[in-house]
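The block underneath contains the structure these notes are about, expressed in structure tokens.
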Amino acid sequence: MPELPEVEVTRLSFAGRIAGASVLSVTMGKALRWPLGCEPSMLKGQKVLGVRRRGKYLLLDMSGGLLLIHLGMSGSISFGPDLPPAGKHDHFDMVTTSGTLRLHDPRRFGAVVFAPGEDDVSAQKLLGRLGVEPLSGDFDPAAFHASLKLKKTPIKQVLLGGEIVVGVGNIYASETLFLAGIRPTTRANKLSRLRSLALHGAIQKVLAQAVQKGGSTLKDFSNANGESGYFQLEAMVYDRAGQPCRVCGNAVKSLRQGQRSTFYCTVCQKP
DNA sequence: CACGGATCCTGATGGC
DNA sequence: TGCCATCAGGATCCGT
């Protein structure tokens, strides 16, 4: 479920409650994507100073370093004083004086990594190449256009790559391109200043809106309730192959780009 | 060095 | 407790 909005909403849901807590113990389940990078006992006694987000990473500032958490494809966080016993897919439990922080991740593409500091190589290996934060003041239209000029890859894959702008995942890539009227196959360097400006605005708008709505993920809603409600309101093209475009009525098309599904409207989105 | 593809892992789903 | 193929919201690494 986690693209930038879901990660941000996750962060907001526990950052205030965990801040100031001290770690009592840490338990690891099955291996995640990467090793923790230290003995779990090393976290013991450390204080959680705060929780930030960078791209799709949660960054826990600890008194003795930085704890990076990534939710991968299927990860989710829970935090509270009375969590049930760890289940089959709970792979990281950090018990603190304020409650237990738990990573649940059936597919184990997620990760928890401890680094002595943010500038340390182990942290920079994950954070070092990340692009600009789309909801920050650093996301500048002119700079965005200049970055796109250097990439001849299809724009959809450039968005997913995260080297220019972070946080846009597979769902929001299709959605933002629809809103901007840009065909996902269009080469990034072919986008005019005006069209990259439209994309810049679409990214800000879609992501901000999703955060505001509580990161209710499109997919979850479609799963939980079949056809009803939020999903229909929210998704313009994602997962709607063959269904009529909500703007023009033409059938939504799908294609594969880099092993990922892309959805678009041939009428509303120009090459 | 920029790009495309393979790859990690488990679960859900649909066709047969 | 049917089996098998396909697909799923991410991101790194490895060829070419």
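In the text below, chain A, chain B and the rest are named by the order of the sequence lines, each starting its count at 1. The figures that follow rest on heavy atoms only: side chains count, while hydrogens, waters and symmetry mates do not.
Remark: Met28(A) CE is packed, more than 12 non-hydrogen atoms of other residues, nucleotides or ligands lying under 6.0 Å away.
The nearest whole Å value for the distance from the CD1 atom in Ile69(A) to the P atom in dG10(C) is 18 Å. Distance CG (Leu58(A)) to P (dA11(C)): 12 Å, rounded to an integer number of Å. Taking atom CG of Asp105(A) as the reference point, atom P of dC8(B) lies 16 Å away to the nearest angstrom. Distance, Gln257(A) CD to dA6(B) P: 16 Å, rounded to whole Å. Asp90(A) places its CG atom 14 Å from the C1' atom of dT10(B), with the value rounded to the nearest Å.
Picking from dG11(B), dA6(B), dA8(C) the nucleotide with the shortest atom distance to the side chain of Pro106(A) gives dG11(B). Closest approach to the Lys151(A) side chain among dG11(B), dC3(B), dC9(B) is made by dC3(B) (side chain taken as heavy atoms from C-beta onward). Closest to the side chain of Ile171(A), out of dG4(B), dG9(C), dG5(B), is dG9(C).
Contacts of residues 152-167 of chain A with DNA chain B (heavy atom under 4.0 Å): Lys152(A), Thr153(A).
Separating the P atom of dG5(B) from that of dC7(C) is a span of 15 Å, rounded to the nearest Å. For the P atoms, the distance from dG11(B) to dT12(C) is 25 Å, rounded to whole Å. The gap from the C1' atom of dC3(B) to that of dG9(C) amounts to 24 Å, rounded to the nearest Å.
Phe139(A) has its ring centre less than 6.0 Å from the ring centre of Phe144(A).
A close approach under 4.0 Å does occur between a side-chain nitrogen or oxygen of Lys30(A) and OP1 or OP2 of dT10(B). Taking 4.0 angstrom as the limit, Lys56(A) places a side-chain polar atom (N or O) nearer than this to OP1 or OP2 of dA11(C). Taking side-chain N and O atoms only, Arg256(A) has a distance below 4.0 Å to OP1 or OP2 of dA8(C). For the pair Arg33(A) and dC8(B), the criterion of a side-chain N or O lying under 4.0 Å from OP1 or OP2 is not met. A sub-4.0 Å separation between OP1 or OP2 of dA8(C) and a side-chain N or O of Arg260(A) is absent. Checking the phosphate oxygens (OP1, OP2) of dA11(C), a side-chain nitrogen or oxygen of His70(A) falls inside 4.0 Å. Of the side-chain N and O atoms in His89(A), one or more sit less than 4.0 angstrom from OP1 or OP2 of dG11(B). Side-chain nitrogen and oxygen atoms of Lys125(A) include at least one within less than 4.0 Å of the OP1 or OP2 phosphate oxygen of dC13(C). For Ser261(A), a side-chain nitrogen or oxygen approaches OP1 or OP2 of dA8(C) to under 4.0 Å. Side-chain nitrogen and oxygen atoms of Tyr238(A) include at least one within less than 4.0 Å of the OP1 or OP2 phosphate oxygen of dG9(C).
Nucleotides of DNA chain B nearest to Leu150(A) and Gln259(A) differ in position, and the one nearer the 5' end is that of Leu150(A).
Within the structure, salt bridge (Lys or Arg N to Asp or Glu O under 4.0 Å) pairs that include any residue of residues 120-129 of chain A comprise Arg129(A)-Glu163(A) (at least two apart or interchain). Applying the side-chain hydrogen bond (donor to acceptor under 3.5 Å, both in side chains) test to pairs two or more places apart or on separate chains, none has a residue in residues 139-154 of chain A.
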Nucleotide pairing, DNA chain B (Watson-Crick or G-U, distances under 3.5 Å), in dot-bracket with [ ] and |: .|||||||.|||||||
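Both the sub-6.0 Å distance and the 45° axial angle are not jointly satisfied by Arg54(A) relative to the ring of Tyr57(A).
A donor and an acceptor atom, one from each side chain of Asp93(A) and Thr100(A), are nowhere located under 3.5 Å apart. A donor-acceptor contact under 3.5 angstrom links the side chains of Thr262(A) and Lys156(A), judged on distance only. Side-chain polar atoms of Asp90(A) and His104(A) form a donor-acceptor pair below 3.5 angstrom.
Every salt bridge (Lys or Arg N to Asp or Glu O under 4.0 Å) that Arg53(A) has, sequence neighbours left out, goes to Glu8(A), Glu133(A).
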Close N/O contacts between protein and nucleotides 14-16 of chain C (under 3.5 Å):
none

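Side-chain heavy atoms closer than 4.5 Å link hydrophobic residues (I, L, V, M, F, W, Y) into clusters, and following such links, possibly through other members, connects Leu148(A) to Leu179(A).
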Candidate pair Glu118(A) and Arg52(A), rule salt bridge (Lys or Arg N to Asp or Glu O under 4.0 Å), full reasoning: CA-CA 12 Å; Glu118(A) 191 162 350; Arg52(A) 292 176 291 141; 2.9 Å; yes
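Using a distance-only test at 3.5 Å, with no hydrogens or angles considered, no donor-acceptor pair links the side chain of Arg33(A) to the main chain of His70(A).
The base of dC9(B) is paired with the side chain of Arg107(A) by a donor and an acceptor separated by under 3.5 Å.
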